[in-house]
Amino acid sequence: MIVLGLETSCDETGLALYDSELGLRGQVLYSQIKLHAEYGGVVPELASRDHVRKLIPLMNELLEQSGVKKSDIDAVAYTRGPGLMGALMTGALFGRTLAFALNKPAIGVHHMEGHMLAPLLSATPPEFPFVALLVSGGHSQLMAAYGIGQYELLGESIDDAAGEAFDKVAKMMGLPYPGGPNIAKLAEQGDAKAFEFPRPMLHQGLEFSFSGLKTAVSVQMKKLGDENRDADIAASFQEAIVDTLVKKSVKALKQTGLKRLVIAGGVSANTRLRARLEADLAKIRATVYYAEPALCTDNGAMIAFAGYQRLKAGQQDGLSVTTTPRWPMTELTNPEQV
């Protein structure tokens, strides 16, 4: 089965072809970073229009790159949610229309399920069950995953997600959008122990809260005035987020008794976070798994693969197009029980 995956939940237009026999046949990705950089964040209307502009050219590029014809496509998977309503609608309408024209099944995929399953595309994929740390621009969650569609929410952010905190602090510091990579780069030149920023809710279950940390950085910057300590602030701020994510992940593993951690989402590309997870999980004889670097950010491959997992069990959507900007993963079903 060859599944076309379409990802348009926010500011990346990603398309990919997943072949159940040969694996990933090809993928293309267009990022809108330059488009939104001058605004310091994503402008929903501009994002939607850019998806419309790019979908057909990227589709043609993907087919040429992979040597696959439209008639070879067996199914279409698109991101149904969560995400920006207008951006989601562009991919959903494109995908559903293409599937109808080809007389093939289509299915709307959960964006975060796609992220969580992306490490299964790696050379050494994790086996179920595992704990998943999902960290992106809009989500910070710990999930217990026992199989496809068998998920238990262990904890999530009650305010800003880790990615949001990176973006907002970067904006305070005058760094370009997106904030995460730019703070990480600046942090390499700084002292992570220079400032003792708080680790909110560190000892309160498995919930996250990063808005207080963002405020603490703002207060410290005002105290410093014109003194340039940006590298130290970046390093100390990054360490506070990493420390919180790592310790909560270790706690989740101990609580569930599981020995495998999957980390996915844009923030999972952070090298300091990966180093700390590997070191701390080794102490409790647990293993951490990541997606390949090209699959950490939003991409069509993860949507194609997640869609395939549900399609092969006989799950598919009707002709109506549904998008779900807010969609808890715990509402997903085990496709084999549908």
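Quick caveat, the model's predicted, so the values are computed rather than measured.
Remark: side-chain polar atoms of D72 are paired, donor with acceptor, to backbone N or O of K69 under 3.5 angstrom. Distance alone, capped at 3.5 Å, is enough to place a donor-acceptor pair between the D167 side chain and the G179 backbone. With N334 contributing its side chain and G149 its backbone, the two residues share no donor-acceptor pair below 3.5 Å. T323 contributes no side-chain N or O that, together with a main-chain N or O of M89, makes up a donor-acceptor pair within less than 3.5 Å. Using a distance-only test at 3.5 Å, with no hydrogens or angles considered, no donor-acceptor pair links the side chain of D243 to the main chain of E239. No side-chain donor-acceptor contact under 3.5 Å links S209 to the backbone of P200. Listed for the Y308 side chain is no donor-acceptor partner under 3.5 Å among the backbone atoms of A306. Proximity of a side-chain donor or acceptor of N182 to a complementary backbone N or O of P176 within less than 3.5 Å is detected. Under the 3.5 Å distance criterion, the side-chain polar atoms of R310 are matched with a main-chain donor or acceptor of T333.
Atoms CG and NZ, on L202 and K251 in that order, are 6.5 Å from each other to the nearest 0.5 Å. Here the NE2-CG distance, from H110 to L332, works out to 5.0 Å after rounding to the nearest 0.5 Å. Rounded to the nearest 0.5 Å, atoms CD (Q255) and CG (L154) are 6.5 Å apart. To the nearest 0.5 Å, atoms CD (Q27) and CD (E7) are separated by 11.5 Å. To the nearest 0.5 angstrom, I303 atom CD1 is 8.0 Å from D298 atom CG. Interatomic distance, OG of S66 versus CD of E61, reported as 10.5 Å (0.5 Å rounding).
No hydrogens or angles considered: nothing links the side chains of R199 and T244 as a donor-acceptor pair under 3.5 Å. No side-chain donor-acceptor contact under 3.5 Å links S211 and D160.
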* Asked: Yes or no on side-chain contact (heavy atoms from CB on, under 4.5 Å) for F128 and Q150, after CA distance, side-chain angles and deciding distance?
  -> CA-CA 10 Å; F128 290 106; Q150 301 174 54; over 6 Å; no

* **side-chain contact (heavy atoms from CB on, under 4.5 Å) evaluation trace for H139 with E156** => CA-CA 8 Å; H139 299 83; E156 63 183 340; over 6 Å; no

* Asked: Under the side-chain contact (heavy atoms from CB on, under 4.5 Å) criterion, do R96 and L319 qualify, and how do the steps go?
  -> CA-CA 7 Å; R96 178 62 266 186; L319 290 175; 3.8 Å; yes

* Take Q309 and Y18 through the test side-chain hydrogen bond (donor to acceptor under 3.5 Å, both in side chains) and record every step on the way to the result. => CA-CA 11 Å; Q309 297 300 320; Y18 176 77; 5.3 Å; no

* Any chance you could lay out the side-chain contact (heavy atoms from CB on, under 4.5 Å) test for C296 and Y290, step after step, and finish with the verdict? => CA-CA 8 Å; C296 286; Y290 323 100; 5.5 Å; no

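The shortest distance between side-chain heavy atoms of M85 and P44 does not fall below 4.5 Å. At a threshold of 4.5 Å between non-hydrogen side-chain atoms, the residues L273 and S268 do not count as touching. Two residues are said to be in side-chain contact when any heavy atoms from C-beta on lie closer than 4.5 Å; K283 and V250 fail this criterion. Looking at D317 and Y78, their side chains come closer than 4.5 Å, going by heavy atoms from C-beta outward. Residues R326 and P82 fail the side-chain proximity criterion, which asks for heavy atoms closer than 4.5 Å. Looking at heavy atoms from C-beta onward, M329 lies in side-chain contact with E113 at the 4.5 angstrom threshold. Between H111 and L88 the shortest side-chain heavy-atom distance does not fall below 4.5 Å. Put simply, the side chain of L55 reaches to within 4.5 Å of the side chain of T8, judged on heavy atoms.
In this structure, N228 and D230 approach most closely via the heavy-atom pair OD1-N, 3.3 Å. Annotation for P198 and L213: closest pair O-CD1, 3.6 Å, computed over non-hydrogen atoms. Residues A304 and A77 approach most closely at CA-CB, 4.5 Å, considering heavy atoms. K248 and L206 get closest at one heavy-atom pair: O-CD2, 3.5 Å. Between G138 and A161, the closest heavy-atom pair is C-CB, 3.6 Å. Residue M1 comes nearest to L311 through the heavy atom pair SD-CB, 4.2 Å, listed as atom of the first residue, atom of the second, then distance.
Follow the hydrophobic side-chain contacts under 4.5 Å out from L142 and you never reach L117; the two are in separate clusters. The cluster map of Ile, Leu, Val, Met, Phe, Trp and Tyr, joined by side-chain heavy atoms under 4.5 Å apart, puts I183 and I233 in the same cluster. A continuous path of ILVMFWY side-chain contacts below 4.5 Å connects F208 to I263, so both sit in one hydrophobic cluster. Note on V42 and V52: separate hydrophobic clusters, where clusters join Ile, Leu, Val, Met, Phe, Trp and Tyr whose side-chain heavy atoms are under 4.5 Å apart, directly or indirectly. Cluster membership check: L6 does not share its hydrophobic cluster with L24, using side-chain heavy-atom separations under 4.5 Å among Ile, Leu, Val, Met, Phe, Trp and Tyr.
The local environment of CD in E64 is sparse, with at most 12 non-hydrogen atoms from other residues, nucleotides or ligands closer than 6.0 Å. Within a 6.0 Å radius of NZ in K185, no more than 12 heavy atoms belonging to other residues, nucleotides or ligands are found. Within 6.0 Å of atom CZ in F100, 12 or fewer heavy atoms from other residues, nucleotides or ligands are found, so the atom counts as exposed in its surroundings. Crowding of E127 atom CD: a count of heavy atoms from other residues, nucleotides or ligands under 6.0 Å not exceeding 12. Atom CD1 of I56 sits in a sparse spot, with 12 or fewer heavy atoms from other residues, nucleotides or ligands closer than 6.0 Å.
Electrostatic pairing of D50 and K54 does not count as a salt bridge here, judged by no charged N lying under 4.0 Å from a carboxylate O. In this structure, R49 pairs ionically with E45, as a charged nitrogen and a carboxylate oxygen lie closer than 4.0 Å. Look at K214 and E164 and you find no salt bridge, because none of the NZ, NE, NH1 or NH2 atoms lies under 4.0 Å from a carboxylate O.
Of the candidates L15, T13, L17, L15 is the only one forming a side-chain contact (heavy atoms from CB on, under 4.5 Å) with V28.
In summary, the aromatic rings of F166 and F210 are positioned with their centroids too far apart to meet the 6.0 Å limit.
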